[in-house]
Amino acid sequence: MTRSAGTTSGVGCEDRGRDSVLALVPSSGQGGGIEAYVIGVLEALEASGVSVQSISLTRGHEGAGLRQKARFTVGAAVAAQRRRHTRPLLVCFHPGLLPAALLCRRLCGAGTALRLFLYGIEIWQLAWAKRLLIRHCDIELTTISEFSAGSLMHLRPASVLVPPLPEHRYRMLRAVGAARAPSHEARLHILSVFRLADFEDKGGNALVEAVGQVRRRGALVTLTIAGASAGSDQLRAEREDRSDWLTIVADPSDAELVEIFAAAELFVLATRLRRGPNAYGEGFGIVLIEAALAGLPVVAPWGGGGHAAMIEGVTGFRPADQSPQELADAIEWALAHRAEAHQMGHNGHLWAARNFDPATYRSRVQKLLLAQQPPVAPSLDLSFESEVPTS
């Protein structure tokens with residue numbers, strides 16, 4: 001797949017002497033956060049007038065078998081050979097593709113810069129061989145949050161480039177946030193959005209239990225969980241047992257998801273943070289930005305990179321630990337402080353609209369990847385006019 005832009009804007013291309021980008025990407029057409037991130041970054045590069053060619057390991061819903069890996073490696077090598085001595089920018093969007101990226105750099109010739117993107121789980125599950133390559137090869141690292149950058153410090157410093165929002169979704173969610181008015185209902189509508197196959201890792205169990213606790217204390221609370229994939233038998237059981245207050249929406253369209261955001265009053269993401277061989281955590285949490293843009297106060301995960309997608313006490317807050325009890329306490333605070341929670345949502349809307357405007361994001365990508373920048377670049381502007389809620 002080749003991506004190219006028509007006119008040159010003059011942003012950054014001359015600074016590094018490169019007019020083309022060769023991107024190695026893990027998938028195309030499968031959906032998911034990494035793929036959305038890749039699309040946003042490549043579109044921003046194209047907007048600068050740079051010619052972008054991307055080579056995908058998998059297409060659609062095919063698996064990454066030996067045939068696909070062989071096809072990918074050959075395709076990447078051929079594309080690199082054609083750019084020999086032209087000094088393209090080589091971008092690798094997943095550490096699993098690093099061996100092929102190093103081969104491409106060798107074929108492209110001296111002076112070819114290689115930038116590797118890492119996100120969350122794969123940082124903590126990197127095999128020793130990949131760690132060795134990153135530590136001893138000349139590779140520029142980029143990740144999605146300061147939390148993830150800190151996790152990479154033992155290998156080498158990493159710049160930070162937060163995830164993008166697709167322009168059409170940005171516009172729709174911004175309109176929802178601008179039109180949001182304080183709710184006078186006694187019932188509180190809670191929303192969480194994540195890939196349904198990751199129900200347990202994303203804190204679905206803890207959130208359902210927390211909402212159940214609040215309801216048993218007499219509060220009127222409903223919960224909607226939406227996300228890609230049909231889910232598991234466990235999800236169906238969860239819904240059947242709590243059909244009067246739990247709604248699970250599988251594979252919503254963008255328009256349907258925007259409607260779900262509009263109907264909610266509090267957004268909760270309760271991703272579990274754990275260490276060890278099955279390490280897991282939230283690298284950033286772009287859904288927290290989507291919720292803020294839609295004017296919702298957010299409850300971010302206790303640990304991980306979610307703190308970068310909100311401002312504590314201004315656009316939302318985090319529980320003191322990962323327990324369902326702490327989540328229940330956060331929900332009860334929002335119930336008891338509806339005006340303050342609404343103000344948090346308004347603050348989040350202003351902040352997200354300013355920092356995630358598509359034009360702003362394109363400029364951020366172009367400056368980081370095409371112009372000379374310090375090893376670690378600031379990610380977000382935290383200054384904006386707001387009112388800090390008080391309890």
E146 side chain to V160 main-chain N or O, any donor-acceptor pair under 3.5 Å?
-> no
Without hydrogens or angle criteria, can the side chains of R83 and T112 be said to hold a donor-acceptor pair below 3.5 Å?
-> no
Applying side chain to side chain contact (heavy atoms under 4.5 Å, CB included), run through E312 and R318 and close with a yes or a no.
-> CA-CA 7 Å; E312 181 76 33; R318 293 185 293 166; 3.6 Å; yes
Ring pair (Phe, Tyr, Trp, His ring centres under 6.0 Å) contacts in which one or both residues fall within residues 200-219, not counting sequence neighbours | none
Basic-acidic side-chain contact under 4.0 Å: R217, E332 = yes
With sequence neighbours left out, what residues match R174 under salt bridge (charged side-chain N to carboxylate O under 4.0 Å, His left out)?
-> none
Would a hydrophobic clustering, with Ile, Leu, Val, Met, Phe, Trp and Tyr connected at side-chain separations under 4.5 Å, put L155 with L102?
-> yes
Listed once per pair and sorted, the ring pair (Phe, Tyr, Trp, His ring centres under 6.0 Å) pairs that draw on residues 136-190, sequence neighbours left out = W124-F147
Consider only side-chain heavy atoms of I, L, V, M, F, W and Y, link residues closer than 4.5 Å, and tell whether F199 and W245 are in one cluster.
-> yes
Can you run down the side-chain hydrogen bond (donor to acceptor under 3.5 Å, both in side chains) pairs that involve residues 66-76, sequence neighbours left out, and say none if there aren't any?
-> E62-R71
Any side-chain donor near an acceptor of the partner, Q366 and S48, under 3.5 Å = no
Return the minimal non-hydrogen interatomic distance between L266 and P297, and the atom names on each side.
-> CD1-O, 3.6 Å
Any pair with a residue in residues 282-296 that passes side-chain hydrogen bond (donor to acceptor under 3.5 Å, both in side chains), sequence neighbours left out, goes on the list, sorted by first then second residue, please.
-> R169-E290, K202-E282, T271-E282
Co-members of the apolar cluster containing V74 [side chain, <4.5 Å] = V78
